[in-house]
Amino acid sequence: MSEPVDARPRAPKHPELVVFRGARAVDPSAGLDATVDVLVERGRIVRLGPNAASPEELASERVLVVDASSKWLLPAFVDLHAHFREPGQEYKEDIGTGLAAAAAGGFGHVCCMPNTKPINDTRAVTEMMMSRAKSAGGTRLHPIAAITKGQRGEELTEMADLRDAGAVGVSDDGVCVMSSVVMRRALEYARTFDMPVIQHCEDHALTAGAQMHEGAIATRLGLRGWPRVAEDAIVARDLLLAEATGARYHVAHVSTAGSVRLIREAKSRGIHVTAEVTPHHLMLTDEAVVGYRTFCKVNPPLREAGDVEALREALADGTIDAIATDHAPHSPLEKDCEMQEASPGMIGLELVVPVLLELVHSGALPLGRFVDALTRAPAKVVALDAPCLIVGARAELTLVDPTVEHVVSAASLRSKSKNTPFLDRSYRGRVELTMLGDAFAFQRGRNR
Ligand code: DOR
């Protein structure tokens with residue numbers, strides 16, 4: 001199950017050339033879906049086309065040939081929404097383990113939310129995260145700084161300073177900016193720096209004490225519910241504010257059919273709104289919480305089948321732009337406890353491909369849209385250069401075996417935390433290799 005991608009003994013340590021041989025290369029942003037060879041030299045794509053590698057190159061000792069036949073070669077993924085717990089809660093995840101998990105999941109870029117300890121509301125924290133990530137190497141980290149100081153929803157952060165230090169957007173994720181006045185100012189202020197404002201949409205007055213989605217199952221379990229309208233009401237208000245200010249507004253982890261309807265309508269009127277959805281909101285309903293499974297306590301909560309259907313449709317038709325993991329590591333301390341005591345969140349970076357390929361295999365999500373929602377679309381939200389499969393581009397590549405049957409176990413994960421309900425099940429498809437620049441950031445079977 002964990003054999004190396006290229007089992008030939010002659011693989012050179014520092015190949016002059018890497019050839020991905022006979023891959024199905026898929027990059028909708030380049031209009032590409034074809035069986036080709038992709039050649040990488042000193043970290044750049046230098047040639048791409050059917051039989052692009054010469055027989056001499058394929059036979060050369062100085063060339064590393066990766067047999068990619070019957071595999072998909074994709075641009076490396078971009079995650080808009082992860083929680084690495086450094087600084088402050090490194091026992092759950094640190095920047096090194098978070099980035100290793102990201103590389104194993106096929107990600108070349110990860111945007112990290114500011115709810116660390118201390119909160120990333122100053123240049124010093126942003127710079128510290130950037131420098132830790134730089135020394136870890138591999139997947140690149142892009143901090144998302146707080147909208148308000150201490151995520152208290154009152155006073156705006158110094159967004160220009162944070163942007164200059166490397167922040168690609170602002171969010172108080174985990175907490176909603178409740179005040180309309182503060183949200184309006186945040187949109188106006190961020191607009192002057194062309195930064196997106198990413199909102200965690202939750203009317204906290206409507207969710208006080210909530211443990212899961214409000215509905216029949218919450219009633220049966222005797223748990224207080226989180227009604228859909230707590231999300232929808234904030235989305236509706238913010239869309240009006242985004243329209244009034246002309247700012248770039250992004251909805252984090254959309255979970256309801258109502259939010260989808262509002263976003264679709266706003267987009268049709270030309271409002272600058274983008275949105276993301278998580279794999280767990282696409283694949284699970286509130287039924288998963290039955291048995292008081294704390295791994296299925298997430299914020300926003302898992303909803304009902306009608307919501308899942310609306311989210312899937314919205315992702316397929318582009319109303320929801322991006323897939324984002326909301327990778328939220330927690331230790332047994334926060335999860336092996338009563339529902340009321342448990343922290344919300346599940347990890348996700350290493351599970352995107354196995355979990356979501358089910359939608360691609362079933363035809364619910366076209367492969368091109370799946371790739372776009374993990375590459376070009378999220379990169380656009382935070383104005384990053386998207387990984388792409390074109391000659392001259394930096395090599396940022398993810399090789400996926402779409403058909404291999406396998407089981408994801410806790411032991412196979414790079415993340416420090418194992419809080420996900422998606423373990424110990426069999427899947428079809430997984431990431432085999434992630435190449436970032438001139439190095440393999442992940443090779444299955446090689447770097448554990
Ligand atoms: O489930 C969640 N966990 N949702 C959030 O918004 C925050 C996150 C966390 O930080 O654990």
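These numbers were taken from a predicted model, which means no experiment stands behind them. Order of listing sets the numbers, starting from 1, for every ligand and every atom in it.
- Under a 4.0 angstrom heavy-atom cut-off, Arg85 registers as being in contact with ligand 1.
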Would Val229 and Asp203 satisfy side-chain contact (heavy atoms from CB on, under 4.5 Å), going step by step from the backbone distance to the final call? CA-CA 8 Å; Val229 69; Asp203 183 328; over 6 Å; no

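- The heavy atom nearest to atom 1 (O) of ligand 1, considering only Ile347, Val175, Asn299, Asn115, is found in Asn299.
- The contact set between ligand 1 and His200, taken as ligand atoms under 4.0 Å from a residue heavy atom, comprises 6 (O).
- The contact set between ligand 1 and Gly174, taken as ligand atoms under 4.0 Å from a residue heavy atom, comprises 6 (O).
- From the protein, the heavy atom lying nearest to atom 3 (N) of ligand 1 is Pro344 O, 3.1 Å.
- Residue contacts with ligand 1 for Glu202 are absent, since no atom lies close enough (heavy atoms, distance under 4.0 Å).
- Between the side chain of Asp172 and the main chain of Ile147, a donor-acceptor pair closer than 3.5 Å is present.
- Between His200 and His253, the angle of the ring planes goes over 60°, which puts this pair in the perpendicular group of the 30/60° scheme.
- Residue His253 places a heavy atom less than 4.0 Å from ligand 1.
- Between the side chains of Arg140 and His109, no donor-acceptor pair is found at a separation under 3.5 Å.
- Every atom of ligand 1 is numbered from 1 in the order shown, and the set under 4.0 Å from a heavy atom of Asp326 is 4 (N).
- Geometrically, ligand 1 and Ala328 share no nitrogen or oxygen pair separated by less than 3.5 Å.
- No side-chain donor from either of Glu265 and Ser268 sits under 3.5 Å from a side-chain acceptor of the other.
- Classification of the Trp72-His361 ring pair by plane angle, with boundaries at 30° and 60°, yields tilted.
- Of all protein heavy atoms, the one closest to atom 8 (C) of ligand 1 is His83 NE2, 3.6 Å.
- Checked options Arg163, His142, Met195; the residue passing with Val168 is His142 (criterion: side-chain contact (heavy atoms from CB on, under 4.5 Å)).
- Checking only distances, Val298 never comes within under 3.5 Å of ligand 1, N or O to N or O.
- A distance-only check finds a donor-acceptor pair linking the side chain of Glu350 to the backbone of Arg414 [under 3.5 Å].
- Only the side chain of His330 comes within contact range of ligand 1, with a heavy atom under 4.0 Å; no backbone atom does.
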